[in-house]
J.: 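The structure under discussion is supplied below as structure tokens; questions concerning it will follow.
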Amino acid sequence: MGRKFFVGGNWKMNGDKESIDKIIDFLKAGPLDPNCDVVVGVPAPYLMYCRERLPENVGVAAQNCHKAAKGAFTGEIAAAMIKDCGCKWVILGHSERRNVFGETDELIGEKVAFALENGLHIIPCIGEKLEEREAGKTEEVCFKQLKAIADKVSDWSRVVLAYEPVWAIGTGKTATPEQAQETHAALRKWLSENVSRKIKRSETEVAENLRILYGGSVTAANCKELAKCADIDGSLVGGASLKPEFVEIINASQ
Ligand code: PEP
């Protein structure tokens, strides 16, 4: 069985009810490729608003959640709260969480473990900075971030990994399909060698089944070329997920 195409939207800290209603309208109008899983990452105050209005075939994700069930963690949200809002997904370790809010590999690993233990589906994100790519360290950095996540995964069927080179996020500078494919293939090889074997599955089981999304300035103009790459199973989309062209990105593999 092939991996089902997957497109995530990351609205970041954007939107109000008026603009969200417009996004909901174009997602309802679609038409959306039934062979693509779609999930939108919405700001926490709008989780319930979006879940109640979006069609069932569009999943809703929080953009972060804490590593504890509840308590004195002002400003954080809990896995149980996301589920209580009717949502099943959470994005974890986005580069803005890492680089603006200082989240470490260790903390992201703890969040991964906790979110999975509490029944959520997760979209953990990894990716190198420009200086790391230029220093030839792309794989080293991505493997380190991936290991911190993989060590904490209890159920790979609820994980969709996003590779998002930091230099491509929100910059309009997309990785070429060749650059993205090269890293995706390397990540899949790492998973085959380090995860599938470790959990004593067939050597390729996790590696072959895990969907790996590319993220970084994906638009309607470049999504189709990226979608053709063998190890790219969809995209995680920031800016363009707020616009009607998001429907074209969802339908990129048609
Ligand atoms: C993102 O926020 O994950 C992202 C990839 O943003 P953009 O598509 O705007 O580069």
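Numbering of ligands and ligand atoms starts at 1, following listing order. The first residue in the sequence is number 1, and the count goes up from there.
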J.: Distance alone, cut at 3.5 Å: any donor-acceptor contact between the side chains of Asp105 and Gln145?
T.: no
J.: Is Asp233 salt-bridged to Lys4, going by a charged N under 4.0 Å from an acidic O?
T.: no
J.: As a test of reading the model: which residues have a non-hydrogen atom less than 4.0 Å away from ligand 1?
T.: Asn10, Lys12, His94, Glu164, Ala168, Ile169, Gly170, Gly215, Gly216, Ser217, Leu236, Val237, Gly238, Gly239
J.: Would Lys22 and Asp25 pass as an ion pair if we require N to O under 4.0 Å?
T.: no
J.: Between the side chains of Glu208 and Arg3, is the shortest nitrogen-to-carboxylate-oxygen separation below 4.0 Å, so that they form an ion pair?
T.: no
J.: Side chains of Tyr163 and Glu128 only: does a donor on one sit below 3.5 Å from an acceptor on the other?
T.: yes
J.: Could you work out the complete set of other residues in the hydrophobic cluster of Val160, with links drawn between I, L, V, M, F, W and Y side chains under 4.5 Å apart?
T.: Phe6, Val39, Trp89, Ile91, Ile123, Leu213, Leu236
